[in-house]
Number of protein chains: 2
Amino acid sequence: MSNIHDVAKLANVSSMTVSRVINGKGYVKEQTRRKVVEAMKQLNYVPNGLARSLVRKKTHTLALIVPDIRNPFFTTVARGTEDMALKQDYRVVLCNSDENVKKEKHYVEMCLSIRVDGAIVVPASDASKQNIKLLTDFGIPFVLIDREIDGVKADIVRGDSIMGARQLVQHLIDAGHQHIAIITGNLSTSTSRDRLLGYQQVLAEAGLGFRPDYVKESSYSSALDPALIDELLACSPRPTAIFTANNFVAVQTIHFLRQRGLSVPEDCAIVTFDDYDPLSLPEPFLTAATQPAYNFGSLATQMLLEVIDGVPVPSPRKMILQPEVIIRKSSVTHTR
Amino acid sequence: MSNIHDVAKLANVSSMTVSRVINGKGYVKEQTRRKVVEAMKQLNYVPNGLARSLVRKKTHTLALIVPDIRNPFFTTVARGTEDMALKQDYRVVLCNSDENVKKEKHYVEMCLSIRVDGAIVVPASDASKQNIKLLTDFGIPFVLIDREIDGVKADIVRGDSIMGARQLVQHLIDAGHQHIAIITGNLSTSTSRDRLLGYQQVLAEAGLGFRPDYVKESSYSSALDPALIDELLACSPRPTAIFTANNFVAVQTIHFLRQRGLSVPEDCAIVTFDDYDPLSLPEPFLTAATQPAYNFGSLATQMLLEVIDGVPVPSPRKMILQPEVIIRKSSVTHTR
DNA sequence: GTGAAAGCGCTAACAT
DNA sequence: ATGTTAGCGCTTTCAC
């Protein structure tokens, strides 16, 4: 692989002139320029990005750290990020934390090592605080997506989990449900806490009272423990509806309910946060509070690039996008 | 951000000694080592990966180029790749070609510029040949996944599309279907051609004869044109079953059929290649030839790293994994 | 318009 | 066991 000196030699100029041609700045006589371009072609020259980044102190690389790339929600976030980044000539290194703060730390350290220009992070949990601090300490600009971190002031793009939860639970109450359970995600994430909060608020407002045994904590990404379902079913009275933390939990909940001979929505209605991805269902079934995942990604990237480019903006900036509740069969018993 | 010289100065040693400590090779007196480690901590020192890669001519970075990160199949491939790469201390830059050879080229050029150590590619189409040639020209090791390219000899991990197609179509014939249509992916991909081939083979063997008007070409990732469905329905006799190119096409086909008042499988059975991702369906519906996507990713990465490490292996190596056909409701009319 | 020198932060190779 | 020198491939700065 040839380098800038090879090109310079072949074109009978200095490497500085070649550099000017590559970057299109500084004065170069048209004739010289052509000689150089010709030499570059002949040698199949591709500038070495490493060397360039080293001297310029700019890598044109962003990191996107998400908890689970298999979740369609984050995949869509990734597309939003990638499209926006590409548009502004940045590349994105995709990192998968597995909802694991330690793995997340590994990736943050990688970010430092390869000198990314900025990071977009969906924090694994509140304990991600230490990882965020690393970014701060090293002066790497970042934007959070989806989840706030307790005690961290940072730019963020997220949904309104309280509001989404309120609407979903209100919908159940309107449909006549009085015994509504909830399966939350890991409560060390802000979205889980907010969804629980919205649930509690609406129950209280409806005078339905809060039953701790109707609340089960699970996780957004890992396997749902069927024992939780059994515990809920053993409650008296048995819940007639469940609000699940996200698409993933919903699917598994339905699965376990059916396994136990219960049908949805007749025996138990289900509402959830986050839709399936559009590709997945021939016939959408789940009542869901859907979020504009693609926009989460593209907006966060836009915000990040503004910070990187030194655009003067107030800090921290919080963009809170409203979910849209879509009523489907999983929560509607009677045909209208 | 401090550099190796700062550390050296603080520890009262040369930067070479610091380098030895960082890399844990060469002799360093324990006492010196401790001084250096102390200095590194104090300065929050993180070695500059760019400089290191530049001199070592090794980036410990792989590129994974896939046609669509939103397709669960490729997402799972990505996880397999990432997990295996991480295990061997490589990072993965994820690139999305959008089934678009031009965008793919952009990413290949990026690979050259950032000097990735190797690439894993699901080629967008046969026209990806030129992009593959770029990699070859610059001596960048690569492994293909899923799709062969006409006239390119390269390491590859892929499924057996012919066999999968054969089994799916045979299943339909066994169920009594005589009029079986097919909606293929873009025929400039080898998998599409192979699936069509398997379809034709089995029809011929069953003496059913091949009807060109039963064959429609679509695409794996982009929107299905409903006109294709109308054309199929207008055939005489009307097909009683359709073999679709992949999960994506299947879902859209079912959607359009239902829109036209036909039910699946009663009015028209559906079989397809590639399953949904496990997260997506509370109640799996589609009869599918499923492929071990995670293994595609991890095996390909393993092969690639062997090449990079100069392990002597025969070349090209082809790993062809068998699909598993799972019969579900979309193709079974009668309860047994 | 073009070039020479210096240096980005690191390590390989050769001292000592 | 540690240091010195040179150079990876590029750009910044200043000179001509």
Side-chain angles (χ1 to χ4, degrees), chain A residues 1-37 39-40 43-61 109-117 138-139, chain B residues 1-40 43-61 109-117 138-140:
Chain A
M1 221 154 170
S2 51
N3 64 26
I4 198 169
H5 299 293
D6 300 333
V7 176
K9 210 176 299 171
L10 184 61
N12 250 312
V13 295
S14 78
S15 48
M16 217 20 246
T17 301
V18 178
S19 175
R20 289 193 181 98
V21 171
I22 296 168
N23 297 292
K25 52 183 170 187
Y27 295 88
V28 181
K29 212 183 358 182
E30 177 55 24
Q31 196 186 344
T32 328
R33 214 188 64 79
R34 282 230 291 275
K35 265 197 312 186
V36 171
V37 169
M40 295 201 300
L43 293 174
N44 252 318
Y45 172 66
V46 178
N48 185 317
L50 294 170
R52 187 181 261 176
S53 294
L54 182 58
V55 40
R56 287 215 190 133
K57 296 179 179 313
K58 182 107 176 79
T59 53
H60 271 263
T61 302
E109 282 165 348
M110 181 196 91
C111 288
L112 301 180
S113 164
I114 67 174
R115 266 49 172 183
V116 297
D117 292 336
F138 285 90
Chain B
M1 219 154 170
S2 51
N3 64 26
I4 199 170
H5 298 293
D6 301 332
V7 176
K9 210 175 297 171
L10 184 61
N12 250 313
V13 294
S14 80
S15 48
M16 216 25 241
T17 301
V18 178
S19 174
R20 289 193 180 96
V21 171
I22 297 168
N23 296 292
K25 53 184 171 189
Y27 296 88
V28 180
K29 207 174 16 173
E30 178 54 26
Q31 195 187 344
T32 328
R33 215 188 61 78
R34 284 230 290 274
K35 264 196 315 186
V36 171
V37 169
E38 179 52 38
M40 294 200 299
L43 293 175
N44 253 317
Y45 172 66
V46 178
N48 186 318
L50 294 170
R52 189 181 258 176
S53 293
L54 182 59
V55 41
R56 287 214 191 135
K57 294 181 180 312
K58 183 107 175 82
T59 53
H60 271 261
T61 302
E109 283 166 348
M110 181 195 90
C111 290
L112 301 179
S113 164
I114 66 173
R115 266 49 171 184
V116 298
D117 291 337
F138 285 89
I140 302 204

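Since this is a predicted model, take the numbers as computed values, not measurements. No hydrogens, no waters, no symmetry mates; every other heavy atom, side chains included, goes into these values. Here is how names work: the chains are called A, B, and so on, in the same order as the sequence lines, proteins then strands, and each is numbered from 1.
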message: A side-chain contact here means heavy atoms from C-beta on lying under 4.5 Å apart; do V46(B) and E109(A) qualify?
response: no
field: Among I114(B), L50(B), V55(B), the one residue meeting side chain to side chain contact (heavy atoms under 4.5 Å, CB included) with L50(A)
entry: L50(B)
task: Assign a letter to each nucleotide of nucleotides 1-10 of chain D from its 5' end: B, base within under 4.0 Å of a protein heavy atom; S, sugar-phosphate only; -, no contact.
output: BBBB--BBBB
- prompt: Just wondering, more than 12 heavy atoms not from Q31(A) lying within 6.0 Å of its CD?
  reply: no
task: For M40(B) and dG9(C), give me the distance from atom CE to atom P, rounded to whole Å.
output: 17 Å
message: Using 0.5 Å steps for rounding, measure from the CZ atom of R115(B) to the CG atom of L54(B).
response: 9.5 Å
statement: CG of D117(A) to OG1 of T59(A), rounded to nearest 0.5 Å, is 3.5 Å
field: K29(B) atom NZ, neighbour heavy-atom count above 12 within 6.0 Å
entry: no
Min side-chain heavy-atom separation V21(A)-V37(A) under 4.5 Å: yes
- line: Bend of the helix from dG1(C)-dC16(D) to dT16(C)-dA1(D) from end-axis comparison, five pairs per end, nearest 10°, comes to 40°
task: Look at the side chain of N3(A) and the backbone N and O of D6(A), then say whether any donor-acceptor pair between them is shorter than 3.5 Å.
output: yes
